[in-house]
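I have placed the structure first, in the form of structure tokens, so that the comments after it can refer back to it.
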2 protein chains.
Amino acid sequence: MRRSKKERQERLQETIQANPFVTDEELAGEFKVSVQTIRLDRMELSIPELRERIKYVAEQNMHDEVRSLPIEEVIGEIIDIELDKSAISIFDVKKDHVFKRNGITRGHHLFAQANSLAVAVINDEMALTGKADIRFTRPVREGERVIAKAKVTRLEKLKTIVEVSSFVGSERVFCGEFSMFRAPAAEKDDQDEIGN
Amino acid sequence: MRRSKKERQERLQETIQANPFVTDEELAGEFKVSVQTIRLDRMELSIPELRERIKYVAEQNMHDEVRSLPIEEVIGEIIDIELDKSAISIFDVKKDHVFKRNGITRGHHLFAQANSLAVAVINDEMALTGKADIRFTRPVREGERVIAKAKVTRLEKLKTIVEVSSFVGSERVFCGEFSMFRAPAAEKDDQDEIGN
DNA sequence: ACTGTTTTTAGTACCTAGTCCTAATATCGG
DNA sequence: CCGATATTAGGACTAGGTACTAAAAACAGT
């Protein structure tokens, strides 16, 4: 043994991870063992052969050929609103909103819908989110319609708490508590918890 | 001739372009000609063989080696990543990202950058955000460059905590704690705190 | 209809980077 | 020294080709 099987296999794994394009022959040369040993190692580590590795890498590439998606102005369509009280919006999940990998909606879209609604419900046009505590409670898939309901639960001069729950049918998929600031100009020096 | 050589070759080129993973045999079936004819066609069009095509696609992919999330799906540009440890991305705030009224960045873009980064840093096929506790600590304006830094602070089999802080220059503008799931299929019945 | 050209098909040998399997050695620990 | 583990060697087979030769089929012009 040049160094013990274990150590070689560890290094083998790293090597292939770093460069999936390496052949067994090259690896054999690298580790000064026979090609057969490399193959046994791959078997034990269940590392697929070169072509399968390359194919996998290539497939990764093909599965998402859509470029980065610009998030449009308003997320969701507001269908009902009572300023400083409550609001409802709907958001239809399209192909662009989901991970190509698994078809699950990317979290920031659900966040954006809820956050947009929290901003919209505030009767001041200039609301900023300071803090948010959110939960994604069920994955949302392409084609599903998300209905977000916002409720103002506390209303102060500067601070307003908005609770938003989003549903697909009767199932809740998201909930969050947004701490909103009815900020004025908001120039430079705001110390903490400002922004949107 | 089923349709003339020329037409077949044009369609061949398109077909392979659309799906580089197709074999000569499959193409022969598709176009109702022999495998040899397909090979002559490829020769004349100088289209490389299946394996070379796959390899090419894979090599394209290797130029940026993000694993968990294809790079196109990350909001912002990842400039450094150590899987399961830390990651850094930059995001330039453009006109499209701010409120018209006051030029302040809409919160969900900062959230998206941070959330994307939290997903990307995870060294697994799939990561979903379950929970997030976030704070917007300073408004970000058009033209500013936001640097998000993610750090994995807890790493378990299924749950991973990622802390993300975003800065403009030396000022922190956002911070959040993301509770991520290294989820497998994630089908129907997940009770709570799943989704992304 | 016959000829000439182009196009298509068939078949062979060979290649790479493997798999799967058997069998012979090497090497190590007790 | 013995038995277990590890390594190496070899053969048969595979996919998805290349490179080449040769025959057959299709088409065009006269």
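In what follows, every chain begins at residue 1, and chains take the letters A, B, ... in the order their sequences are listed.
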By side-chain hydrogen bond (donor to acceptor under 3.5 Å, both in side chains) - contacts of Ser166(B) (at least two apart): none
Spacing of Glu25(A) atom CD relative to dG18(C) atom C1', expressed in whole Å: 11 Å
Which residues share a side-chain contact (heavy atoms from CB on, under 4.5 Å) with Thr153(B), sequence neighbours left out: Ile161(B), Glu163(B)
Interface residues of residues 38-45 of chain B with DNA chain D (non-hydrogen, below 4.0 angstrom): Arg39(B), Arg42(B)
Partner set under side-chain hydrogen bond (donor to acceptor under 3.5 Å, both in side chains) for Glu14(A), not counting sequence neighbours: none
Qualifying residues under side-chain hydrogen bond (donor to acceptor under 3.5 Å, both in side chains), relative to Glu144(A), sequence neighbours excluded: Arg138(A)
Helix axis bend for the helix from dA1(C)-dT30(D) to dG30(C)-dC1(D) - C1'-based end axes, five pairs, 10° rounding: 10°
Minimum-distance nucleotide (side-chain atoms of Thr37(A) versus dA17(C), dT18(D), dT7(D)): dT7(D)
Nucleotide nearest Thr23(A) (side chain, heavy atoms from C-beta), chosen from dG17(D), dT7(D), dG18(C): dG18(C)
Nearest-Å distance for atom pair NZ/P, residues Lys6(A) and dC28(C): 18 Å
Lys55(B) NZ to dT16(C) P, straight-line distance once rounded to whole Å: 12 Å
Distance, rounded to the nearest Å, where Phe31(A) contributes CZ and dT8(D) contributes C1': 18 Å
Residues that Thr37(A) engages under side-chain hydrogen bond (donor to acceptor under 3.5 Å, both in side chains), provided they are two or more places apart: Ser34(A)
Polar pairs (N or O, both sides) under 3.5 Å between protein and nucleotides 9-15 of chain D?
unit_1, atom_1, unit_2, atom_2, d
dA15(D), N3, Arg51(B), NH2, 3.1

Residues forming a side-chain contact (heavy atoms from CB on, under 4.5 Å) with Thr23(B), sequence neighbours excluded: Glu25(B), Glu26(B), Leu50(B)
Integer-rounded Å distance: dT18(D) P and Glu52(B) CD: 9 Å
Proximity to the side chain of Asp24(B) - top-ranked nucleotide from dT8(D), dT18(D), dT9(C): dT18(D)
Short N-O contact, Lys5(B) and Glu7(B), less than 4.0 angstrom: no
Qualifying residues under side-chain contact (heavy atoms from CB on, under 4.5 Å), relative to Lys55(A), sequence neighbours excluded: Glu52(A), Glu59(A), Phe21(B), Ile54(B)
By side-chain contact (heavy atoms from CB on, under 4.5 Å) - contacts of Glu142(A) (at least two apart): Lys95(A), Val98(A)
Results of ring-ring contact (aromatic ring centres under 6.0 Å, His included) for Phe178(B) - residues two or more places apart only: Phe111(B)
Value in whole Å for how far the P atom of dC28(C) lies from CD of Glu7(A): 15 Å
Separation of atom CD in Glu49(B) from atom P in dA17(C), rounded to whole Å: 10 Å
Rounded distance (Å) that lies between atom P of dA26(C) and atom NZ of Lys32(A): 19 Å
Ionic contact status for Glu10(B) with Arg8(B), cut-off 4.0 Å: no
